[in-house]
Amino acid sequence: MTITESGSLSVLLAAAKNAGRPYPQRPFGYFCSYWPEELTLSVGWEPVRLLPPAGGAVPAGLPAFSCHPARACLAAAEGGAYRHLDGTGFTHGCDTMQCLSGIWPGETPFLFVPPNSVLAVGAQAYCAAELARLWQRLAEAAGRTPDDEKLHAAIVLMNRIRSRAAQLDEMRARLPSPLVAAVLRAGQLMPRAAYEETLAGAWNELASLAADEPARTGVLLAGSVLESDDLYTMVEELGARVVADDTCTGYRHFAGLVDENEEPLSALAARVIGRVPCPCRHRDLAARPEHLVALAVRRGARAAVLVVRKYCDPHAWDAVAVAERLRSAGVSVLVLEMETAVPGGAERTKLQALLEMVDFA
Amino acid sequence: MERRYLPLQSTRHLGRTVQRYYFFTRYQRLWGRPLHRPLAWITSGAPVEILRALGIDCVYPENFGAICGARRVAPDLCRVAEAAGYSQDLCSYARAGIGAALRPDLAPMGGLPRPDLLVTCNNICGTVLKWYEVLARRWHVPLFMIDTPFVAGEPEEHAVSYVRAQLREMIAELERFTGRRLRAGQLRQRIMLSNEAVRLWGEIRGLCRARPSPLNIPDLFVHMAPIVVLRGTTAAVIHYRKLHREVRERVRTGQAAVPGEKYRLLWDNIAIWYQLYRFYQQFSERGAAFVTDTYTGGWSVAVDAGEPLESLARTYTAIFLNRGVDFRARQMIDLIRDFGVDGFVMHANRSCKPYSLVQEEIRRRVIAATGVPGLVVEADMTDARAYDQERVRSKVQTFMEALEARGGHQQGQVQ
C-alpha cells in the first residue's frame, strides 16, 4: 500500500495515529458513539472522542475489576491530559461509564441519558426531551443560545460524513483493514468539517488503493472500543480481511442518518432509537444477533471475531447469544477477550486457529 | 474464638416465613395454574406492587443468588454458567442463577420453578437487562422491561413521565396476559402493605441509633429477606412487626447485639454471603458492631401518597443505586452522623459495578467530610473464589488497630 505523504489520506491517518492532535479550537471530549455530536457542534464546540491512551497508568479512583478504557481515560484525566478540553460529555450506556461520569475529575461533565429500552413506549419522546435538556445545558456552558439553524447545519454536516463512512464501509473487502479502521477513527477525532473535506479529498486515493483480494478470508469484527489498528493489522497479517465491522469505534459509530426534514431534536432522537443495536441498549432479543448474521452474510464473512474487552459486561453478555446465532448460520466464531486493544501472542494463536479452521472447512 | 453475637428470637419466625414463601414458590406450578396465577421472575428494584395486585406470584433470582452464596454452592453453579460461555467477570448472582437453570440438580431447592413471565427494571444496574435477556431466551417467556433513566442529580420530569408511561403500558400488557383488570383498590392496598413493611423496616434500622446497637449488620442482612421477596404482602408486615417489638425491647433493656460495644461501624455494599458471620466476627470479637449500612436501607423508601403510577414512577426511578455520586456520598455522611459511626467498611464487590466503581471517590469525600476512617475490602457477594481470606484478615486487622489507636466512639464531626 502506497499512500502519498502530502495527500489527504495521510492527513487522516496522522489524525488517527495522533489521537486527533493537534487539537482543534474549542475541543469538547466525549465518550460513546451515542453522544449527540450535532448538539456539540451547534454550540461551537468541536467533538473529540476520548479514547484510552497508550500506557499503563493506574488510576486511584477505579478498582482493578474495571475495564481498561475506563481506567486508562481516568488515569489520563487525573494526570491532566484533558485540561485543554472545554468540556466532557458522557453517554449513559454501561454501568462503568455511569460510574466514570460520577468520579470524573475537574468540572462536572455533561451526561446524556438516552433510553436503554429503545422500543419502550415513550422512549423517543423521552429521548427528545433529554436531548433538549442537554442542548440547553451545553449552550449555557458554551455561552451560546440554542439555535435551530446551527443545529440543522450540524445535522447536514454529520449526515454527509456518515454517508461517506457508509460508502467506505461498503469498500472494506477491497481495502486493507487497518486503513479503513484508521480513517473511520479519524472521523471521531478531527474537526468534523475538516474531516468531511479531507475524506472527500482522499476519496480518489482510497479508490486507487482498492483491489479485489479473493484469497483473503472475510472476517466480521464486532466489539466495543478499539483505540488502535493492531487487531485489524493482525487479521491482515494472517491472510484475512475485516469485511464487516460492528465495533463502537468502527462503522457502528456512523451508522444511520438523521432526517433533515424533521424537527431537529425529534430527528436526532429517532436516530438514537433506530440505530444499529449496541449491547447496552435493549431492542428485542433477536435484534443484535440477527443484525450481525445479516451483516456477515451480506459481506461474505466466514469467520467472526467477537472482541470482549476485559470487564466489559454488555459485550460479554451478548457474546454468548451472538456466537451461538452466528455459528448456527455457518459462521465460525472466536470470542476474543482482550485487556487492551493491542493483541499479543495468545490472541494471534487463537486468531490463527480460527482462520485455519475456516480454511479447512 | 469467643462468640460475641446475640441471636434474635425473631430469626425463627423469619425462617418459617421464608421457608413458607419458598415452599409455596417451589410448588407454585401445581397450585398456581389451576388458580390462573402466573409466576414472574422479577428484579429486586421492580414495582412488584403492580404484579401482586394482578394476582401474579413473584420470585426473586437475586435473593436466590444470595441463598446460593450463603449455602456456598454459588461457585459450582457459576462454573456451569462459565462453561456455557458466560465470563467469570459477570455478576455472580446472574451466573449462579444461570447455572441453576442449566443444572437444577446442583442448586438449592432444585432451582427456581420455570417462570411464565420476566420483569426487569434497570434502576439497580445494567446487568439485569442483559441477565433477563438471557433468561427470556432460555425460558421463551415474555420479558417486561421498565427503563428507569439514571439520575445524576435530581429526577427529571421527562424521566418520571417516561417511567410512568411504561408502567401504564406494562399494566395493559399484564392485564392481557393474565386476563384480569387491575383494580385501583387492589393496587392501593398493595402499596399500603409495601409502605407499612417499609416503615417498620426503616424504624427497625433506625433503632440501631441506640447505644449499644440492638442489631449488627448480619441481623439486617438476614432479616431483609421479607422486604425483598414479600414486599406488598401481609406476611412481610407481620414479620417486621414481630422484629420491631423485639428490637425495641432490646433498646429498652440496653441489650447489645455485640456485647461490650466499643466501635460503631457502617457497611457499604451487598453482603459477602458465604462469609456472613465469619467476616463480621473479625469485627465483633474486637467490640465493633456494624450499626448501619447503605444496602438494606435501599428498601426503606416508601411510595409517596398520591396518584399510584406517578408515585411508583418517582419512587422506583429514585432508588439509591440509580443515583449519582453526590447523593450516595451525602447518604453515607448522613448515616455516619445519625448513627454515631466511628468507621466504615466498603465491600468492593466484583459482581456489582454500579455499587463498587464509585466507592473510592465516595470514600474520599466521606473521610474529608467526617474525619471517619474507611476501609475497602475486595471480594464478591456470592463467588467465594474471589475471596482472599488472608488478605482480608490482614486488612481488617490493620483497620481495627488504627481504630483502636483512635479510641472508641470518636465519631467524626460532620463539616
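All chains are named by letter (A, B, ...) in the order of the sequence lines, taking the proteins before the strands, and each is independently numbered beginning at 1. From a predicted model like this one, the values you see are computed outputs, not experimental measurements.
Contact detail for B/Val325 and A/Gly102: the closest heavy-atom pair is CG2-O, 3.6 Å. Taking all atoms of both residues into account, the shortest heavy-atom contact from A/Ala120 to B/Tyr162 is CB-OH, 3.6 Å.
Distance alone, capped at 3.5 Å, is enough to place a donor-acceptor pair between the A/Asp95 side chain and the B/Gly126 backbone. At distances below 3.5 Å, at least one donor-acceptor pair connects side-chain atoms of B/Asp147 with backbone N or O atoms of A/Ser117.
For B/Arg391, the CZ atom counts as loosely surrounded, since its 6.0 Å shell holds 12 or fewer non-hydrogen atoms of other residues, nucleotides or ligands. A/Glu324 CD: 12 or fewer foreign heavy atoms inside a 6.0 Å radius. In this structure, A/Glu140 places its CD atom where more than 12 heavy-atom neighbours from other residues, nucleotides or ligands lie under 6.0 Å away.
The closest side-chain heavy-atom distance from A/Arg281 to B/Leu129 is not below 4.5 Å. Proximity of A/Leu62 to B/Glu360: side-chain heavy atoms (C-beta onward) are nowhere separated by under 4.5 Å. In this structure, A/Tyr311 and B/Arg350 have side chains that are in contact, with non-hydrogen atoms separated by less than 4.5 Å. Annotation: side chain of B/Val163 is not in contact with side chain of A/Tyr126 (no heavy-atom distance under 4.5 Å). Looking at B/Glu378 and A/Phe65, their side chains come closer than 4.5 Å, going by heavy atoms from C-beta outward. Residues B/Glu156 and A/Val113 are not in side-chain contact: their nearest non-hydrogen atoms beyond the backbone lie 4.5 Å or more apart.
In terms of heavy-atom pairs under 4.5 Å with chain B, the best-connected choice from A/Asn116, A/Thr108, A/Val335, A/Thr96 is A/Asn116. Chain A forms the most heavy-atom pairs under 4.5 Å with one residue out of B/Arg328, B/Gln88, B/Arg168, B/Met145, and that residue is B/Met145. If you tally non-hydrogen atom pairs under 4.5 Å between each of A/Ala123, A/Pro314, A/Cys94, A/Ala125 and chain B, the highest count goes to A/Ala123. Options A/Val308, A/Leu285, A/Leu100, A/Asp318 differ in how many heavy-atom pairs under 4.5 Å they form with chain B, and the most are formed by A/Leu285. Interface remark: of the candidates A/Ser101, A/Pro279, A/Ala132, A/Pro279 forms the most heavy-atom pairs closer than 4.5 Å to chain B. Counting heavy-atom pairs under 4.5 Å between each of B/Ala165, B/Ala152, B/Pro149, B/Ala94 and chain A puts B/Pro149 at the top.
If you measure heavy-atom distances from B/Arg138 to chain A, you find no contacts under 4.5 Å at all. The part of B/Leu143 that comes within reach of chain A is its side chain, from C-beta onward, which places non-hydrogen atoms under 4.5 angstrom from that chain. For A/Val320, the part lying near chain B is the side chain, with the backbone staying farther off; criterion is any non-hydrogen pair under 4.5 Å. Proximity to chain A is absent for every atom of B/Leu167, based on heavy atoms less than 4.5 angstrom apart. Contacts between A/Ala60 and chain B at a heavy-atom distance below 4.5 Å involve the backbone alone (N, CA, C, O). Only the backbone of B/Ala84 comes within contact range of chain A, with at least one heavy atom under 4.5 Å from a heavy atom of that chain. Looking at A/Glu337, only its side chain comes within 4.5 Å of chain B, counting heavy atoms on both sides. Only the side chain of A/Pro63 comes within contact range of chain B, with heavy atoms under 4.5 Å apart. Using a 4.5 Å cut-off between heavy atoms, B/Val358 touches chain A through backbone and side chain atoms alike. Only the backbone of B/Asn349 comes within contact range of chain A, with at least one heavy atom under 4.5 Å from a heavy atom of that chain. For a residue to count as touching a neighbouring chain, one of its non-hydrogen atoms must lie under 4.5 Å from one of that chain's; by this rule B/Thr127 touches chain A with backbone and side chain alike.
Ring orientation note: the planes of B/Phe150 and A/His92 are close to parallel, at an angle under 30° on the 30°/60° scale.
Taking a cutoff of 4.0 Å between a charged side-chain nitrogen and a carboxylate oxygen, B/Lys130 and A/Asp313 do not qualify as a salt bridge.
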